[in-house]
Amino acid sequence: MTDVAQHSANDLPIPQIRQTEHPTIADQVFATLQQRILSLELPPRTRLSEADVARRMGVSRQPVREAFKRLAKMGFLNIRPQSGTTVSLISEEAVQRARFIRTALEVQTCRTACEKMTNADLAVLQDLLALQKSAVEANDRERFHALDDQFHREICIRSGVGYVWDLIHDSKGHMDRIRMLSLSQPSQQLAYDEHVILLAAIGARNKDAAAAALTKHLSRILNLITQFKSERHEWFSDRQE
């Protein structure tokens, strides 16, 4: 019978990781490029080079290379050695997948919200709706987009399932590019009106109404895909690249 050596964690060749409260340079490059891609400041088919991005951001090429790889893995960049790096097309398949995941998670979250949210929680969300209304009136697209995300995130957090938003955040980026295309003032107003209906259902502790309102709210993107594919067909792909 062969003896199996027993080792403690102290014996294993695992290096110590130095903790830091600040994001790394690669994290900052990634976040900056991701935000520019999702906001369409860097639209589909935009060519990027490690050297140019590094020069413009005042960093070495290594963190840019790391950021490129992360964005490619998420489906936002296409890295091809022979033809260079480009911002990916908007994938209808990826948008559909992200919507399905988000709807499944948020429907259950809204049902949970009907059980767990306090009056104080509802008041915070009402305040967010007031800020959204102000953003709509000012036609401030970026501010409304941020407040929209904050509204959905607060529902998760105040329902005791904040980790759900982390999962949603990781998958919803492909939806965000469609959302940025759609944020005209009338579209902002419609999203705001749907938020009002959703919060009213949660406040009334009506789980079915809240689930239905959330499903309708997130399903609107399906019509937007069809609309924008006809207007900007060169930006879209039927499948994940």
Side-chain angles (χ1 to χ4, degrees), residues 17 20 22-105 141-146 148-150 152-153 163-183 187 218 221-222 224-241:
I17 301 298
T20 175
H22 304 289
T24 65
I25 292 175
D27 288 337
Q28 294 177 63
V29 173
F30 167 81
T32 299
L33 291 176
Q34 184 187 41
Q35 190 278 325
R36 298 295 191 280
I37 291 169
L38 298 188
S39 69
L40 299 174
E41 292 176 64
L42 292 174
R45 298 185 185 277
T46 299
R47 289 189 173 275
L48 298 175
S49 76
E50 288 180 11
D52 186 51
V53 171
R55 178 180 58 80
R56 289 174 177 271
M57 300 186 78
V59 300
S60 69
R61 291 180 64 167
Q62 182 57 35
V64 176
R65 186 175 299 116
E66 291 178 25
F68 275 20
K69 288 179 179 177
R70 289 173 64 185
L71 289 164
K73 187 174 182 180
M74 295 174 72
F76 296 120
L77 287 184
N78 294 318
I79 301 176
R80 297 191 174 98
Q82 302 304 319
S83 56
T85 299
T86 58
V87 177
S88 67
L89 299 178
I90 298 173
S91 164
E92 181 175 358
E93 179 183 320
V95 174
Q96 295 272 19
R97 187 185 309 128
R99 185 200 67 83
F100 182 89
I101 292 170
R102 183 171 181 181
T103 301
L105 291 170
R141 295 169 71 244
E142 290 189 7
R143 183 163 176 256
F144 183 83
H145 179 74
D148 185 328
D149 275 357
Q150 187 177 353
H152 288 273
R153 183 174 65 247
Y163 55 85
V164 168
W165 182 255
D166 294 333
L167 297 172
I168 291 169
H169 186 269
D170 287 344
S171 66
K172 77 182 186 68
H174 294 282
M175 296 176 68
D176 284 342
R177 291 202 283 180
I178 299 290
R179 290 171 65 198
M180 291 306 297
L181 275 172
S182 71
L183 282 182
S187 181
L218 295 183
I221 200 167
L222 301 178
L224 294 174
I225 293 173
T226 301
Q227 174 188 338
F228 292 123
K229 278 184 70 176
S230 65
E231 295 175 0
R232 294 183 177 269
H233 60 89
E234 73 280 6
W235 279 11
F236 284 82
S237 170
D238 290 335
R239 61 181 184 274
Q240 185 77 46
E241 292 184 85

What residues form a side-chain contact (heavy atoms from CB on, under 4.5 Å) with [X], not counting sequence neighbours?
X      : answer
Thr86  : Arg47, Asn78
Arg153 : Gln150, Ile157, Trp165
Ala72  : Leu77, Ile79
Pro43  : Thr46, Trp235

Could you state the interatomic distance from [atom1] ([X]) to [atom2] ([Y]), rounded to the nearest 0.5 Å?
X      : Y      : atom1 : atom2 : value
Thr32  : Arg56  : OG1   : CZ    : 14.0 Å
Leu183 : Leu40  : CG    : CG    : 10.0 Å
His169 : Asp149 : NE2   : CG    : 7.0 Å
Met175 : Ile90  : CE    : CD1   : 12.5 Å
Ser60  : Arg55  : OG    : CZ    : 15.0 Å

Check salt bridge (charged side-chain N to carboxylate O under 4.0 Å, His left out) between [X] and all other residues, then give those that pass, not counting sequence neighbours.
X      : value
Asp176 : Lys172, Arg179
Arg61  : Glu50
Asp27  : Arg70
Glu41  : Arg36

[Y] side chain reached by [X] side chain, heavy atoms, under 4.5 Å:
X      : Y      : value
Ile178 : Phe236 : yes
Phe76  : Leu38  : yes
Ser39  : His145 : no

Between [X] (side chain) and [Y] (backbone), is there a donor-acceptor pair under 3.5 Å?
X      : Y      : answer
Arg141 : Met180 : yes
His174 : Glu93  : no
Arg232 : Leu181 : no

So which heavy atom on [X] is nearest to which on [Y], and how close?
X      : Y      : answer
Ile221 : Arg99  : CG2-CD, 3.7 Å
Leu71  : Gln34  : CD2-CB, 3.8 Å
Ala98  : Ser171 : CB-O, 3.0 Å
Ser88  : Arg177 : O-NH1, 3.0 Å
Ala67  : Ala26  : CB-O, 4.1 Å

Determine all donor-acceptor pairs shorter than 3.5 Å in which one atom belongs to a side chain in residues 224-231; sequence neighbours excluded.
from, atom 1, to, atom 2, distance (Å)
Gln227, NE2, Glu231, OE2, 3.4
Lys229, NZ, Glu92, OE1, 2.8
Lys229, NZ, Asp238, OD1, 2.8
Ser230, OG, Gln227, O, 2.6

Verify the neighbour count for atom CD of Gln35: are there more than 12 heavy atoms of other residues, nucleotides or ligands below 6.0 Å?
yes
Leu105 atom CG, neighbour heavy-atom count above 12 within 6.0 Å:
yes
Intermediate values then yes/no, side chain to side chain contact (heavy atoms under 4.5 Å, CB included), His152 and Ile168:
CA-CA 10 Å; His152 288 273; Ile168 291 169; over 6 Å; no
Counterpart residues, side chain to side chain donor-acceptor pair (under 3.5 Å), relative to Gln28 (two or more places apart):
none
